[in-house]
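One structure is given below, encoded as C-alpha cells.
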Amino acid sequence: MEPKRFFSTSSGIEIKPVYSKENISILSEIPGVFPFTRGIHPDMYRSRLWTMRQYSGFSTPEESNKRYHYLLKNGISGLSVAFDLPTQMGYDSDHSLAEGEVGKSGVAIDSLADIELLFKGIRLEGVTTSMTINSTAAILLALYIALAKKQGADLKKISGTVQNDILKEYAARGTFIYPPRPSMRLVSDIIEYCSNEVPRWNTISISGYHMREAGCTAAQEIAFTLANGKEYVKSAMDRGLDINLFGQRLSFFFNAHNNFFEEIAKFRAARRMWAKIIKEAGATDPRAQMLRFHTQTGGSTLTAQQPLNNIVRVTMQALAAVLGGTQSLHTNSYDEAMGLPTEEAVLIALRTQQIIAHESGAPDTVDPTGGGYYIEHLTEELEKKASEYLSRIDKLGGSVAAIEQGYIQNEISGSAYEYQREIEEGKRIIVGVNKYAEEEKNTGTIFRVDESIRKKQIRKLSKLRANRDGNKVKKSLRDIENTARSGGNMMPFILTACENYCTLGEISDAMRRVFGEFKG
C-alpha cells in the first residue's frame, strides 16, 4: 500500500480532504467595516474596478515613454515605472559601476531632463503613477514633483505611490545604499514632507513582494511585511506625525503565487491583521486602519520552459488577487523569464486583467469566496502563523533589529532552500520543468536592450552638465550635505537640487559623504 499523501500549503498548513462549519468559526463581518477582512469598501469593485497597472520601463526615457503611451491607449488606468539598477543604486549612467546595466532592468534616469522625456505628452494630474524605487526614492519623487511644478500641476491633486520600503532591501532584494538608520530617516522625511505638500501621494508601499520572490512563504510574506509596516509607523510617530493622517497614505505591495486559495486567504488575513495592529498603535480613523494594497503576479513562478504556460499561471494569480480584494494589479508578461516583455506579451497581460474585470463575473459581488469553509480556515491559520512570526520579531526589538541580527534573512533563505529541495525531489511539480517537460524549441522573439543605450545617456549627461548653472548645482549639493549632518528634513533640499538639474548620482553622493554606505 502506498504511503498516505500529506497535502499542505506553501506555509505548511495541512489541507484536509473536506471542510465544514465544524472546522471554523465564520465571522459575521461585512465589507468596509473594521477589521476589513472582507474588503475595505462596502461595494468594492461594483462601484470602481481596481487600478490596472503594467510595470514598465526599459532602455532610455524616450523608449519607455513610447511604451507608456501604448499602454494608456490600450486601457491601463495607472502607470507603474521600473528603473534600471544604476538608478536604484544612486549611480549616474556614466559611473563605472553602471557599465553593462544601463537601461536593462528598467529605465535609466539621471536627471530632471530624463523625467521630462519619460513623461512627455502625459499630464501628471491626469494619471496615477507608481514608482518602484527605494534607496533613491526621495530623489525620484522630487524629480516627479519638479516636473509636476513645471507642468503647472496642483501638487495637492497629483497622486501615486513611491515604494520607499528600504527595510525589505536589507532583508531580500539588496538595492540599498546607506545604513538602515539613516535610510529610515529618509523614509520618514518623505512621509512628513508629503503629508504637508503632496497630500494625495502614497508615501510608502510596504512590500512583501520581493521577500516572496526571494523565497518566503505566504505566512512569512504577511508577517515580515506587517513587521516592516509597524517599524515605519513607529518612525513616523516618533517624528510627531498624526497616525490618523499619514496612516491613510500607507499602502502595501503583495505577491500573488500559484496556490490559489492560500493566496486569497493571505490577502484577507493581512487586511484583518493590519487593521488590528494600527488600531492598537492609536489609529482611530477607519481610513487609517485600512490595508490598501497593490498586487503583482509572481515573477519567480514564471518559467523559461514552455513560456505560454505562464499565461495560465498569471491568470490564476490575478484572479486570486481580485478575489482577495486588491486595489491595483500588475500582471506579468509570459515572456519575462527570458527577457524584457515584448509589446505582444504586455498586451496579453493587460487583456488578462480586462477579461477578469468584464467577463468573469468575479467583481460583481464583494468577497465572493467569503464564508467558504476552506477560505475562512486558511485565513485563520495564516493569521495564526503570521502572528507567531510577528511575536518573534517584536521580541528581537522590531524589524530593524531583526534585520541587523539576520533573523528575517535566515528565515527567507531557509524557506527558499526547502522550496527548491521539494522541486528537485519531485515533491513539488512545476509543469514543463520537472514534469511534462518537452524538448526545447524556438520560443520566439526575445526583447533585449542594446548596449548603445549607455552611450546615449552619457552624451545627454555631458550636454546637461555643460549647460546648467554650476553655482546653483554646487550650492544645492552643499545644502543637502549640510542638512544630512544637521538632521533636518531632506526633501525640500533634494527638490531644489533636482530643479537645478543636479544628477541623481551627485545627490546620492552628497548623502553618501555623510551617511556612508552599507556593505551588508
Side-chain angles (χ1 to χ4, degrees), residues 30-32 37-56 67-80 127-128 130 209 253-268 271 292-299 301-303 306-337 341-372 374-375 378-379 431-432 444:
I30 58 174
T37 310
R38 305 196 66 189
I40 62 172
H41 300 300
D43 288 336
M44 286 301 290
Y45 308 132
R46 287 169 64 92
S47 55
R48 180 183 174 183
L49 289 172
W50 62 91
T51 300
M52 298 183 192
R53 299 188 185 277
Q54 286 307 117
Y55 186 49
S56 182
R67 179 65 64 86
Y68 294 158
H69 281 284
Y70 172 79
L71 289 168
L72 288 165
K73 179 182 175 183
N74 280 282
I76 65 162
S77 45
L79 297 174
S80 189
V127 296
T128 65
S130 175
Y209 183 88
F253 176 23
F254 288 111
N255 211 312
H257 268 222
N258 285 335
N259 192 315
F260 185 70
F261 295 108
E262 183 180 39
E263 293 301 296
I264 297 169
K266 178 187 77 179
F267 301 128
R268 301 173 86 248
R271 201 159 39 233
R292 302 166 183 82
F293 68 99
H294 170 71
T295 308
Q296 181 173 340
T297 56
T301 68
L302 303 178
T303 64
Q306 302 176 30
L308 290 177
N309 292 346
N310 293 329
I311 297 174
V312 182
R313 294 185 177 103
V314 169
T315 303
M316 182 169 57
Q317 295 163 5
L319 183 58
V322 169
L323 294 174
T326 193
Q327 276 60 68
S328 68
L329 178 61
H330 163 84
T331 34
N332 288 329
S333 302
Y334 71 83
D335 55 1
E336 288 188 53
T342 58
E343 279 196 356
E344 176 195 44
V346 166
L347 188 57
I348 290 171
L350 175 58
R351 294 288 184 255
T352 300
Q353 291 201 51
Q354 291 165 338
I355 289 168
I356 291 172
H358 301 292
E359 298 184 28
S360 73
D364 294 349
T365 189
V366 186
D367 190 28
T369 60
Y374 184 39
I375 286 291
L378 287 177
T379 302
V431 173

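By the 4.5 Å heavy-atom criterion applied to side chains, Glu343 and Arg67 are counted as neighbours. Side-chain contact check for Asp367 versus Thr369: some heavy-atom pair is nearer than 4.5 Å. Contact check for Arg53 versus Ser130: side-chain heavy atoms found under the 4.5 Å cut-off. Between Leu323 and Pro368 there is a side-chain heavy-atom pair separated by less than 4.5 Å. In this structure the side chain of Val346 never reaches within 4.5 angstrom of the side chain of Leu350, judged on heavy atoms. With contacts defined as side-chain heavy-atom distances shorter than 4.5 Å, the pair Thr37/Arg268 qualifies.
Rounding to the nearest 0.5 angstrom, the gap separating the OG1 atom in Thr297 from the CG atom in Asn310 is 9.5 Å. Here the CD1 atom belonging to Ile356 is positioned 11.5 Å from the CG atom belonging to Leu49, to the nearest 0.5 angstrom. Distance check: Phe261 CZ to Lys266 NZ gives 15.5 Å after rounding to the nearest 0.5 Å. Once rounded to the nearest 0.5 Å, the distance linking OG1 of Thr315 with CD of Gln353 reads 10.5 Å. In this structure, CG in Leu378 is found 9.5 Å from CD1 in Ile264, a value given to the nearest 0.5 Å. The OG1 atom of Thr301 sits 11.5 Å away from the CG atom of Asn309 when rounded to the nearest 0.5 Å.
Within 6.0 Å of OH on Tyr70 lie more than 12 heavy atoms contributed by other residues, nucleotides or ligands. For Arg46, the CZ atom counts as loosely surrounded, since its 6.0 Å shell holds 12 or fewer non-hydrogen atoms of other residues, nucleotides or ligands.
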For this session: Carefully, step by step, assess Phe267 and Val322 under the rule side-chain contact (heavy atoms from CB on, under 4.5 Å).
Result: CA-CA 10 Å; Phe267 301 128; Val322 169; over 6 Å; no
Exercise. Do Met44 and Gln327 pass the side-chain contact (heavy atoms from CB on, under 4.5 Å) test, and can you show the C-alpha distance, the side-chain angles, and the key distance before you say yes or no?
Worked result: CA-CA 9 Å; Met44 286 301 290; Gln327 276 60 68; 4.0 Å; yes
Problem set entry | side-chain contact (heavy atoms from CB on, under 4.5 Å) assessment of Trp50 paired with Thr295 | CA-CA 10 Å; Trp50 62 91; Thr295 308; over 6 Å; no
Exercise. Under the side-chain contact (heavy atoms from CB on, under 4.5 Å) criterion, do Arg351 and Asn74 qualify, and how do the steps go?
Worked result: CA-CA 9 Å; Arg351 294 288 184 255; Asn74 280 282; 3.1 Å; yes
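Under 3.5 Å, the side chains of Thr303 and Arg313 contain a donor-acceptor pair of N or O atoms.
A parallel orientation is assigned to the rings of Tyr209 and Phe253, their planes being inclined by less than 30° (bins at 30° and 60°).
Shown here for Pro363 and Tyr45, the closest heavy-atom pair between the two residues is CB-CB, 3.6 Å. Closest approach of Ala320 and Glu263 over heavy atoms only: CB-CB, 4.0 Å. Closest approach of Asn332 to His330, counting heavy atoms only: OD1-NE2, 3.0 Å. Across every non-hydrogen atom of Gln317 and His257, the tightest pair is CG-O, 3.2 Å. What you find for Thr326 and Ser328 is that their closest heavy atoms are OG1-O, 2.8 Å. Pro341 and Asp335 get closest at one heavy-atom pair: CA-OD1, 3.3 Å.
Side-chain atoms of Arg38 never come within 3.5 Å of backbone atoms of Ile30 as a donor-acceptor pair (strictly under, hydrogens ignored).
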